[in-house]
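The structure appears right after this line, and notes come after that.
Proteins come first, then strands; the chains are lettered A, B, ... in the order of their sequence lines, and each starts at number 1.
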There are 2 protein chains.
Amino acid sequence: MPKAQASKRPLKAPPPPSRRSPCPVSCALDLFGDRWTLLIIRDLMLGRSRFKDFVSSPEGIPTNILSDRLERLLEAGIVRQIPTTEGGKRMAYELTEKGEALRPVMKSIRDWGLTWEPDTKAVMQQS
Amino acid sequence: MPKAQASKRPLKAPPPPSRRSPCPVSCALDLFGDRWTLLIIRDLMLGRSRFKDFVSSPEGIPTNILSDRLERLLEAGIVRQIPTTEGGKRMAYELTEKGEALRPVMKSIRDWGLTWEPDTKAVMQQS
DNA sequence: GTAAAATACTTGCAAAACACAAGTGATACA
DNA sequence: TGTATCACTTGTGTTTTGCAAGTATTTTAC
């Protein structure tokens, strides 16, 4: 039973666990190539930061999937946990620099969807 | 038992089958939010066009998955079938305008992978 | 201080998707 | 004409997913 945590990781590049190929696209898809991960990152880019925020997004992510994806994103160094502003023990999530670097990816996907998928509406503001 | 074919579809935008939300990112991920579809599109952008080409890519896509994804991409209007140059009856695949429009998405993902994933090497040329 | 609500998960299970191997007809080619 | 290639399909176990329900902390209300 894996536990969700932001554990210490080597500061240097960890050896890639099991890649399908050295292609950067393939490696990127190993991290966020599924139907949910980029939606969590979208929410983070919109300023949402709490478990309940992700759950209440209109797509309705199952909570077990959300737990798993947050854990993977923490391991990948794309998000990190921070204490909530009230100083309580509950944690919020936010994008690391590596995660923020996905904004061009998000923007290109959003733009493609707006152009080619009928009846889509952008929730995200530019850039 | 679904058969792979490029059947007639309404020329106007078909009603979206079952979307999770009207978000363009969500809708885009409904089409290519998995670990294989964008790799097929990558190969198409590299000039590969035949079933065997996709199979022989280093990631090793299973043939049943490839059949399924090609069928979905045809349905989505992202790829089309064309006769091979030799004039035989075998078909090749190529990107439609809608598919070509994914180049900025591919480029942003590749750039992110090159920057943030260690030991990745670009196979694709710029643009 | 205690009860109730909210939060952040985990667990269990059926259904779907996936990976892998093995076919199957059609071409292409010698 | 025979062999190899191609573009699939089928069958099989395994993994992942979706959904409901449960649990253990935290906050909030009183």
Between the protein and nucleotides 17-19 of chain C, are there any N/O to N/O pairs under 3.5 Å, and if so, what are the atom names and distances?
residue	atom	partner	partner atom	Å
C:dC18	OP1	B:Arg69	NH2	2.6
C:dC18	OP2	B:Arg69	NH1	3.4
C:dC18	OP2	B:Arg69	NH2	3.0
C:dA19	OP1	B:Arg35	NH2	3.2
C:dA19	OP1	B:Trp36	NE1	3.4
C:dA19	OP2	B:Trp36	NE1	3.1

Can you pull every protein N or O that's under 3.5 Å from an N or O on nucleotides 4-7 of chain C?
residue	atom	partner	partner atom	Å
C:dT7	O4'	A:Arg90	NH1	2.9
C:dT7	O3'	A:Arg90	NH1	3.4

Review point. Can you check salt bridge (charged side-chain N to carboxylate O under 4.0 Å, His left out) on B:Glu117 and A:Lys98, steps first, answer last?
Key: CA-CA 10 Å; B:Glu117 285 300 295; A:Lys98 185 176 179 181; 3.0 Å; yes
Review point. Between A:Glu59 and B:Ser21, is a side-chain contact (heavy atoms from CB on, under 4.5 Å) present by the stated rule, with each step listed?
Key: CA-CA 6 Å; A:Glu59 291 84 11; B:Ser21 83; 2.6 Å; yes
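D:dT17 atom P lies 12 Å from atom CZ of B:Arg20, rounded to whole Å. Atom CD in A:Glu71 sits about 13 Å away from atom P in D:dT16, given to the nearest Å. Note: CG (A:Leu70) to P (C:dT10) measures 10 Å, nearest angstrom. Following rounding to the nearest Å, A:Ile61 (CD1) and C:dC9 (P) show an atom-to-atom distance of 13 Å. Atom CE in B:Met91 sits roughly 16 Å away from atom C1' in C:dA28 (whole-Å rounding). Going from atom CG of A:Leu74 over to atom P of C:dA8 covers 14 Å, rounded to whole Å.
Side-chain atoms of B:Thr96 come within 3.5 Å of backbone N or O of B:Ile78 as a donor-acceptor pair. With hydrogens and angles disregarded, a donor-acceptor distance shorter than 3.5 Å links the side chain of B:Thr120 to the backbone of B:Gly113.
A close approach under 4.0 Å does not occur between any side-chain nitrogen or oxygen of B:Tyr93 and OP1 or OP2 of D:dC6.
The minimum heavy-atom distance linking B:Cys23 with A:Arg42 is given by the pair SG-NH1, 3.1 Å. Taking all atoms of both residues into account, the shortest heavy-atom contact from B:Lys121 to A:Pro24 is O-CD, 3.1 Å. A:Thr37 and A:Leu73 make their closest contact through CG2-CD2, 3.7 Å (heavy atoms, listed as atom of the first residue, atom of the second, distance). Nearest heavy atoms, A:Ser108 versus B:Ser108: OG-OG, 3.1 Å.
Counting atom types as modelled, B:Ser67 pairs no side-chain N or O with a base atom of D:dT9 as donor and acceptor under 3.5 Å.
Between B:Asp43 and the choices B:Arg48, B:Lys52, B:Arg69, the salt bridge (charged side-chain N to carboxylate O under 4.0 Å, His left out) rule is met once, by B:Arg48.
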